[in-house]
Structures are given as C-alpha cells and as structure tokens.
Amino acid sequence: MKTQPAAQPWWRFGIVWLVIAGPVAVVLASTVTAWVAWHNVDPVLIEAPVPATERDASNAPALKVRNHAATPRQQ
C-alpha cells in the first residue's frame, strides 16, 4: 500500500506567491504613482490676456493658409 506524502504548508507552493505578488505589485505601483502625483503637482498658470494686435499677428500665417484652402479655385 502506498502512503501519501505529507501535506506541505501553503507557502511552499510557488503558484501561491505568484497569485499574491500580482495584487501586491499593483498596490505598490499605485502608491508610488499617488506619491509622485501628490509631490510633483504642476502650478496653475494664470496667463495675462494677450492684446488683440498680438493675437492677430501671431495667427496671420494660419489664417492665410486657412483662407487660401477655403477659397474656390480661380481660373
């Protein structure tokens, strides 16, 4: 008659550590991400209003191309 081997404790099985390691890695990664986000907050930028003359000058090339593309072809 064959005897069964003695039962091993749960920590002796590698698959148990694989199952435990997944959630532990996720919790650790989310904690590190939260810490980085909390300590490296970008400051709020309050921009001064740009005068209309500067705004129109900076958009001139874009407006020229846009208007050219919307203009019907002349023959």
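- Remark: Q4 pairs with no residue by the side-chain contact (heavy atoms from CB on, under 4.5 Å) rule, at least two apart or across chains.
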Side-chain atoms of residues 33-41: list all donor-acceptor pairs with protein atoms under 3.5 Å, sequence neighbours left out, distances to 0.1 Å.
residue	atom	partner	partner atom	Å
T33	OG1	A29	O	2.8
W35	NE1	H39	NE2	2.7
N40	ND2	V36	O	3.4

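- W10 is linked by a side-chain contact (heavy atoms from CB on, under 4.5 Å) to V16, W17, I20, counting only residues two or more places apart in sequence or in another chain.
- Partners of P9 according to the side-chain contact (heavy atoms from CB on, under 4.5 Å) rule, which considers only residues two or more places apart in sequence or in another chain, are W11, R12.
- The minimum heavy-atom distance linking T31 with V27 is given by the pair OG1-O, 2.7 Å.
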